[in-house]
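Because the structure is a prediction, the values reported are computed rather than measured. Sequence lines set the chain letters: A, B, ... in the order given, protein chains first and strands last, and positions in each chain run from 1.
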There are 2 protein chains.
Amino acid sequence: MELNISESRSRSIRCIVKLGGAAITCKNELEKIHDENLEVVSCQLRQAMMEGSAPSKVIGMDWSKRPGSSEISCDLDDLGDQESSEFSKFVVVHGAGSFGHFQASRSGVHKGGLEKPIVKAGFVATRISVTNLNLEIVRALAREGIPTIGMSPFSCGWSTSKRDVAFADLSTVAKTIDSGFVPVLHGDAVLDNILGCTILSGDVIIRHLADHLKPEYVVFLTDVLGVYDRPPSEPDAVLLKEIAVGEDGSWKVVNPVLEHTDKKVDYSVAAHDTTGGMETKISEAAMIAKLGIDVYIVKAATTHSQRALNGDLRDSVPEDWLGTIFRFSK
Amino acid sequence: MELNISESRSRSIRCIVKLGGAAITCKNELEKIHDENLEVVSCQLRQAMMEGSAPSKVIGMDWSKRPGSSEISCDLDDLGDQESSEFSKFVVVHGAGSFGHFQASRSGVHKGGLEKPIVKAGFVATRISVTNLNLEIVRALAREGIPTIGMSPFSCGWSTSKRDVAFADLSTVAKTIDSGFVPVLHGDAVLDNILGCTILSGDVIIRHLADHLKPEYVVFLTDVLGVYDRPPSEPDAVLLKEIAVGEDGSWKVVNPVLEHTDKKVDYSVAAHDTTGGMETKISEAAMIAKLGIDVYIVKAATTHSQRALNGDLRDSVPEDWLGTIFRFSK
């Protein structure tokens, strides 16, 4: 375990962040971004990427025309003198939330069958909706001075085989990172060599990226504090603070010490995310932790998420930190 | 020449279309789409892709929430019974027009130098602007029932070496076409292995695609009738209807027969497009024609553009057709 941590310290990618669909969009309103959360998340990401270096002037990188204006206003005059900010290397992946969901479920894109007109139309409609969200997230991060580059998995050539990643060209993602940019990928409709097409979820993308880019840690930003032993809406729900993951991918709650150790965590009904729910999230997180990479599941836009993004939890976890950590344990 | 035409008939890609920036955006207004033109162009494209088959009901494929509405309205009820329309294979590439231009020129992205903060910021800002335009064009085509897929050259892994295409993964474009979709690429900011970064123009993308996909013909939709012997605003400007391109890429006006054959066409000052102008367009068109592929330069949203898109000019050119044809001639 010690060796693993020191190894990871020398890796060039610091963190892969998942912006959960439930955290950055309004769940109950179609195609509506949660602007407040997204703004705080963008600001926290910038903080984390600066790694405690002196805050420099934010260079806004979205120079689009604002609605109602006929001109582009951007204060570029002193940009020439500005020194380049050194950001540590992050990759962002976001879910779909209230974008794409209607289009995908109405047409059954995830089940495949591109020869059917409704599936083909739904495929196009889903991609329009999720790329629209991607553009808005890229813009929000760029306004905060983060040099973001939107990258659709479909365009990057990602494809699946019965929903598992069959092909993913990571060279463009790697080159983008090496050039000092932050790639922003997203859950997407993709071609599947068995089904014809399907939905590739952001969580599956994260696992694949973690496996190949070997970041120091992975953060899932969601809309609840972390993983609970039962649906978080229930009064006695207990937040699971630390989960140990074994070499075979099996996992065990180590903090808090649960009274009845034989008690099964009732995560299967705690589905509170739009794609896959908590069960998928736990199994994806466990698979990442199995690689020796810490995974933090934490509520977006809180002091807890800032600490997780900063990497403050790498050595020891403060008592007052709220969230769930998945750690590899031999 | 005969052999060449019959060969091209058996090719699977029928047409690559360039939507010129000047034709689909408002030149004199920043980041403003020319909605009327774009709607007519989308409709003409659909017509051309149906290849004269009976017009079926348009299946709109943009199911996004309309501004001011809280619901998505799409009439999907009879989609289940709808037969799949057979479209012939098209690829669309669009320019930037009044999108991206401000951001790119203000920061000097085309000259490279990603280590400078203003270039890096401009790179991000340019990509935001052109991907925004791409999304709107994909939506316009999808509303017309064309199964479009937006694909950014940057995300597809395209990169340049001193502005020439150094690497372009066409496998994703080919797979997209084979799955029955219409890829929509665009002029983009990309990484350049000498300069750091640059602008890859839509015209250069077209040439590269034509070279590798070997379409039957290529159509450039622009905002003037075609190529003139001098700036089209001049009173005596003559529309060049047919230009013969030799094996060495040299070209000669064959229709109309110019009075003074030694007279040089004054195309260099006829720059009326936002990227590269007419000179680039002529040299790119000549390079495509050299491959044995007919190139039509024609005014968007006219009866002339419809005929060009339909492929009506492949065997013989009607006297009343207005536009410029580049043809290979041994």
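The nearest pair of heavy atoms linking A:I137 to A:I24 is CD1-CD1, 3.2 Å. The two residues B:M61 and B:P147 have their closest heavy-atom pair at SD-CA, 3.6 Å. Taking both residues in full, the closest heavy atoms of A:V130 and A:H94 are given as O-CE1, 4.4 Å, listed atom of the first, atom of the second, then distance. The shortest heavy-atom contact between A:S42 and A:L141 is OG-CD2, 3.6 Å. Residues A:A168 and A:H208 come closest through the heavy atom pair CB-NE2, 3.6 Å. The two residues A:E29 and B:K65 have their closest heavy-atom pair at OE2-NZ, 4.1 Å.
Heavy atoms of B:T172 lying under 4.5 Å from chain A belong exclusively to its side chain. Contacts of A:F167 with chain B are absent, with no heavy-atom separation under 4.5 Å from either backbone or side chain. In this structure, chain B has heavy atoms under 4.5 Å from both the backbone and the side chain of A:E31. Contacts of B:S171 with chain A are absent, with no heavy-atom separation under 4.5 Å from either backbone or side chain. In this structure, chain B has a heavy atom under 4.5 Å from the side chain of A:L191, while its backbone stays farther away. Interface remark: A:S159 contributes side-chain atoms only to the contact with chain B (heavy atom separation under 4.5 Å). Contact of B:L135 with chain A is made through the side chain alone, with heavy-atom distances under 4.5 Å. Interface residue B:S179: backbone and side-chain heavy atoms are both found under 4.5 Å from chain A. Heavy atoms of A:R139 lying under 4.5 Å from chain B belong to its backbone as well as its side chain.
If you tally non-hydrogen atom pairs under 4.5 Å between each of B:G122, B:G196, B:S129, B:G100 and chain A, the highest count goes to B:G122. With respect to chain A, the highest number of heavy-atom pairs below 4.5 Å among B:D169, B:V119, B:V124, B:N134 belongs to B:V124. In terms of non-hydrogen atom pairs under 4.5 Å with chain A, the most contact-rich of B:C197, B:S152, B:G180 is B:G180. Chain A forms more heavy-atom pairs under 4.5 Å with one residue of B:F181, B:F99, B:F123 than with any other, namely B:F181.
Comment: B:D188 engages B:R127 in a salt bridge, judged by a side-chain N to carboxylate O separation of less than 4.0 angstrom.
Side chain of B:D62 to main chain of A:A125: no donor-acceptor pair is present (N/O by atom type, distance under 3.5 Å, no hydrogens or angles).
Taking the side chain as every heavy atom from C-beta outward, B:V109 and B:Q103 never approach each other to under 4.5 Å.
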